[in-house]
Amino acid sequence: MPLTAGEAPARGRRAARPSGDDRELAILETAERLLAERPLSAISVDDLARGAGISRPTFYFYFASKDAVLLSLLDRVVAEADAVTREAFGQPASGPREGWQRAITAYYETFRAHRSLTLAWAEARSSNAEIRGLWAGVVEGWVQRCASAIESERARGAAPDGPSARDLAVVLTSTNERVLYATFSGDGPALTEGAVVDVLLEVWLRAIYGSSPTD
């Protein structure tokens, strides 16, 4: 059968070159895999390039540094967390307990699936202003959404007045962040993984409603 335009003989055919997106994804996947084995400080650009099957110069075509890789991963996981949390809030719930449980579970499950990245971001925030600023913006978005939900519950008479909704949201969001970090890292007193959602849920319900709603 004759070859048509653009075809090449099967013998000796070159493997298709990975696209830019494929190479970028390979770098990101390599970074997450290596972070599960050792801290960011022990990972080099050469490690990332080698794991992705590319050269060091090619790595720099996609990322300026390994911190830039960490920023890109943070963007992706935060987008994932935001999507599943919005979905959880958007589903009909039988009452406050079910609604908040879905949201906290979605948040927890997303970061548990990327626990090595969660720990790497915490490590990097102390020395990298860009990562610190990005994370602050992420947390601010969560605070605003939580504050809005608390205000809605107060407006419909389900939750009593108390501290400003924003202040309460700041405390609750910060609690989530610290509890997850301690559980994933083992740094200091920590909850077991099986207890995280249940304990956080009770804290949120009692802080927002003054009690623990049963429905």
Side-chain angles (χ1 to χ4, degrees), residues 13-88 103-139 141-142 173-174 176-197 200:
R13 177 183 294 168
R14 286 185 174 185
R17 295 183 61 185
S19 69
D21 287 347
D22 289 341
R23 287 172 174 165
E24 181 176 337
L25 183 59
I27 294 169
L28 295 173
E29 290 176 343
T30 297
E32 185 161 8
R33 175 175 55 79
L34 292 178
L35 284 167
E37 302 169 358
R38 54 187 188 266
L40 180 67
S41 57
I43 298 171
S44 68
V45 168
D46 285 334
D47 292 331
L48 296 173
R50 186 164 49 251
I54 59 175
S55 66
R56 184 185 178 94
T58 300
F59 170 91
Y60 286 114
F61 181 81
Y62 296 100
F63 295 100
S65 65
K66 64 181 183 180
D67 282 348
V69 175
L70 201 58
L71 279 165
S72 184
L73 286 166
L74 178 57
D75 280 335
R76 286 170 176 256
V77 175
V78 166
E80 181 182 338
D82 284 347
V84 296
T85 302
R86 280 196 301 270
E87 182 180 358
I104 292 172
T105 298
Y107 173 90
Y108 169 66
E109 292 291 349
T110 299
F111 285 97
R112 184 175 68 165
H114 301 281
R115 70 173 62 213
S116 60
L117 295 178
T118 302
L119 300 180
W121 295 323
E123 174 191 343
R125 289 204 301 273
S126 63
S127 59
N128 187 302
E130 190 173 5
I131 291 176
R132 187 163 58 250
L134 178 58
W135 185 254
V138 167
V139 175
W142 290 337
T173 302
S174 297
N176 278 17
E177 184 179 358
R178 175 57 197 172
V179 167
L180 264 62
Y181 175 78
T183 297
F184 296 159
S185 68
D187 180 15
L191 300 178
T192 62
E193 292 199 16
V196 168
V197 171
L200 285 177

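Taking CZ from Phe63 and CZ from Arg23, the interatomic distance works out to 13.0 Å, rounded to the nearest 0.5 Å. Of the inter-residue distances, the one linking Trp121 atom CH2 with Ser126 atom OG reads 15.5 Å to the nearest 0.5 angstrom. The distance from the OG atom of Ser116 to the CZ atom of Arg33 is 11.0 Å, given to the nearest 0.5 Å. Put simply, CZ on Arg50 and CZ on Phe59 are 12.5 Å apart, with the number rounded to the nearest 0.5 Å. Separation of atoms CG (Asp67) and CG (Leu40) is listed at 6.0 Å; rounding is to 0.5 Å. Distance check: Leu71 CG to Leu134 CG gives 6.0 Å after rounding to the nearest 0.5 Å.
Remark: Glu193 CD is packed, more than 12 non-hydrogen atoms of other residues, nucleotides or ligands lying under 6.0 Å away.
Between Ser55 and Thr58, the shortest heavy-atom contact is OG-OG1, 2.8 Å. Scanning both residues, Val84 and Thr110, for their nearest heavy atoms gives CG2-OG1, 3.3 Å. Residues Leu73 and Ala31 come closest through the heavy atom pair CD1-CB, 3.9 Å. The heavy-atom pair separating Ala182 from Pro189 by the smallest distance is CB-O, 3.6 Å.
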Decide side chain to side chain contact (heavy atoms under 4.5 Å, CB included) for Glu29 and Glu32; before the verdict, give the C-alpha distance in whole Å, the side-chain angles of both, and the deciding distance to 0.1 Å. CA-CA 5 Å; Glu29 290 176 343; Glu32 185 161 8; 6.0 Å; no
Starting from the C-alpha separation in whole Å, work towards a yes-or-no answer on side chain to side chain contact (heavy atoms under 4.5 Å, CB included) for Leu119 and Asp187. CA-CA 11 Å; Leu119 300 180; Asp187 180 15; over 6 Å; no
For Leu48 and Lys66, run side chain to side chain contact (heavy atoms under 4.5 Å, CB included): C-alpha distance rounded to whole Å, both residues' side-chain angles, the deciding distance at 0.1 Å, then the answer. CA-CA 8 Å; Leu48 296 173; Lys66 64 181 183 180; 3.9 Å; yes
Leu200 and Val179: side chain to side chain contact (heavy atoms under 4.5 Å, CB included), yes or no, with the steps? CA-CA 8 Å; Leu200 285 177; Val179 167; 4.0 Å; yes
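Screening Leu70, Val69, Leu35 for a side chain to side chain contact (heavy atoms under 4.5 Å, CB included) with Ile43, the sole residue that qualifies is Leu35. With Trp142 as the fixed residue, the side chain to side chain donor-acceptor pair (under 3.5 Å) test singles out one of Asn176, Thr173, Asp82: Asp82.
With sequence neighbours left out, Thr105 forms a side-chain contact (heavy atoms from CB on, under 4.5 Å) with Gln101, Glu109, Val197. Remark: Arg76 pairs with Glu24, Leu25, Leu28, Ser72 by the side-chain contact (heavy atoms from CB on, under 4.5 Å) rule, at least two apart or across chains.
Counting only residues at least two apart or on different chains, the salt bridge (charged side-chain N to carboxylate O under 4.0 Å, His left out) pairs with a member in residues 176-186 are Arg125-Glu177.
Leu180 places a side-chain heavy atom less than 4.5 Å from the side chain of Val196.
Using a 30° and 60° split on the angle between ring planes, Trp135 and Phe111 fall in the perpendicular class, above 60°.
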